[in-house]
Peer 1: 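Quick one: the structure is below, questions incoming.
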Amino acid sequence: MDDHHKSIVRRSKVPQSASRPVVTPLYPSVVYASESPDQLDAIYEGELAGYSYAREGHPNATVLAEKIDWLEGASGGCITGSGMAAVSAVFLGLLGVGDHILAGDQLYGRTLRLLTQDLPRMGFSADLVDATNAEAMEAAIGPNTKMIFVEVVANPTLRLADMEGIAKLARKHNLLLVVDNTFTTPRAYRPLEHGADVVLHSITKLLAGHSDVTLGYVVAKDKSRNQLLNEAVVTWGLTPSPWECWLAERGLHSFDLRFERVQANAAALAEFLAGRSGVAQVLYPGRADHPDHARAKTMLGGNFGNMVSFRLAGGRRAANALTRAAPYLAFAPTLGDIGTTLSHPASSSHRGLTPREREALGITEGFFRVSVGIEDVEQLKREFGIAILAAKKAEHA
Ligand SMILES: *Cc1c(COP(=O)(O)O)cnc(C)c1O
């Protein structure tokens, strides 16, 4: 810049470097300057590669999306500002007034709320059906049904949807099959290879893995549907921030390593819990006593994941004692962090249900869900051992 044009507000040129950065640069820029109206036209028309405005897309989102595309065996996926933004994009982009959605009855809490309270207000309707039972799903298909929305592994009972049966249904009745793959991750299950039309993630959980990012991802198998999803994200403003995409990319680099470790830890912890007196039931899809163990074995390729649920023999008193005796195990309603977290569905995700409804799902006051982290497994066993003993004592005090 010659002196005549110098000003403190003029952006500096990025220094030239013959060498290149190893790490993806962070691009916080909201706007991208083009050379001329002709060039901008060409960018908007897709004839030239380029960005224009960050809500429409930015390099950090592109880099992250390509990595998750690769994991899911997809292309053209889209990063969203949260997992719920990805869920919203599916309904906003692919459905219209009067359309009916058939959904699993044990979905993520906010998805359930969206389906039962918010979408009906906007002219959509939804029915919730047990996704472990494809026949029950078929019976609920109506003339306006356009979409089936399921999670592969249900929260917090870790029941497995009958994905094979549901994919057949979707084909037979020409319904869009949407899979929220957050719990399973592409390491255990790749929905697009098993008949799904759309797959989505809360990147917030295992993919980013450090509880410091809120992001989502959505992709459709079909190119034109993918375009609709992308338009919905850009138009409704479901866009992610560059900084969070950058952080998530960094987290994703260790996803495979973390997954191996948390999965091995989860299997060992499930085994440990099953042997404790004071624990009435352990739910882990990798265990022979899990109600969907056979299905899990064929579906998940030996990847039973990091989530373990268990039921104390006692009630709320035992539950209170357990979390108080385990101050190092974060009692926090999330999952997929590097550190182990505990959640108590009766007081959090499932508090909206009546005790009888919870009972029907097996979610008692003594029910806990564990998102197993990468800690040393012997330490985890020690800490859980102490906590369960405290819970048992409290119940008998
Ligand atoms: C957390 C979660 C979501 C929502 O994701 P956010 O990033 O919190 O918006 C959706 N589905 C499942 C299965 C989840 O666990």
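Atoms within a ligand are numbered from 1 in the order they appear, just like the ligands themselves. Only this structure's heavy atoms are used, side chains among them; waters, hydrogens and symmetry mates stay out. Starting from 1, each residue takes its place in the sequence as its number.
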Peer 1: Going by the atom numbers of ligand 1, which of them fall below 4.0 Å from some non-hydrogen atom of E151?
Peer 2: 13 (C)
Peer 1: For atom 4 (C) of ligand 1, which protein heavy atom lies nearest, and how many Å away is it?
Peer 2: Y108 CE2, 3.4 Å
Peer 1: Is it true that the side chains of S347 and R351 contain a donor and an acceptor less than 3.5 Å apart?
Peer 2: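 Looking only at side-chain atoms, R351 and S347 do not form any donor-acceptor pair under 3.5 Å.
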Peer 1: Could you list which atoms of ligand 1 come closer than 4.0 Å to a heavy atom of S82?
Peer 2: 7 (O), 9 (O)
Peer 1: Are D292 and R159 ion-paired here, with the side-chain N under 4.0 Å from a carboxylate O?
Peer 2: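 Looking at R159 together with D292, the answer is yes, because their closest N to O distance falls below 4.0 Å.
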Peer 1: Taking both backbone and side-chain atoms of F183, is any N or O found less than 3.5 Å from an N or O belonging to ligand 1?
Peer 2: no
Peer 1: Any idea which of A86, G81, A154, G83 brings a heavy atom closest to atom 6 (P) of ligand 1?
Peer 2: G83
Peer 1: Counting only pairs under 3.5 Å, give me each side-chain donor-acceptor contact of residues 81-89, with atom names and distances, residues two or more places apart or in other chains.
Peer 2:
residue : atom : partner : partner atom : Å
S82     : OG   : M84     : N            : 3.3
S82     : OG   : A85     : N            : 2.9
S88     : OG   : M84     : O            : 2.8

Peer 1: Polar-atom distance check: T214 versus ligand 1, any N or O pair below 3.5 Å?
Peer 2: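 In this structure, T214 places no N or O atom under 3.5 Å from an N or O of ligand 1.
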Peer 1: Backbone, side chain, both or neither: what part of K205 comes under 4.0 angstrom of ligand 1, heavy atoms only?
Peer 2: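 Side chain only.
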Peer 1: Do the ring centers of F91 and F149 come within less than 6.0 Å of each other?
Peer 2: yes
Peer 1: Do E365 and R317 sit within salt-bridge range, that is, some charged N less than 4.0 Å from a carboxylate O?
Peer 2: no
Peer 1: Counting only heavy atoms, tell me which of S202, A208, P333, S371 gets closest to atom 5 (O) of ligand 1.
Peer 2: S202
Peer 1: For atom 7 (O) of ligand 1, what's the nearest protein heavy-atom neighbour? Residue, atom name and distance, please.
Peer 2: T204 OG1, 2.6 Å
Peer 1: Any idea which of D180, T80, L107 brings a heavy atom closest to atom 11 (N) of ligand 1?
Peer 2: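 It is D180 that holds the nearest heavy atom.
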Peer 1: Can the ring centroids of F368 and H344 be said to lie less than 6.0 angstrom from one another?
Peer 2: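 Here the rings of H344 and F368 have centres that are less than 6.0 Å from each other.
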Peer 1: Output all residues satisfying side chain to side chain contact (heavy atoms under 4.5 Å, CB included) with K67, sequence neighbours left out; order by chain, then residue number.
Peer 2: E249, L252, H253
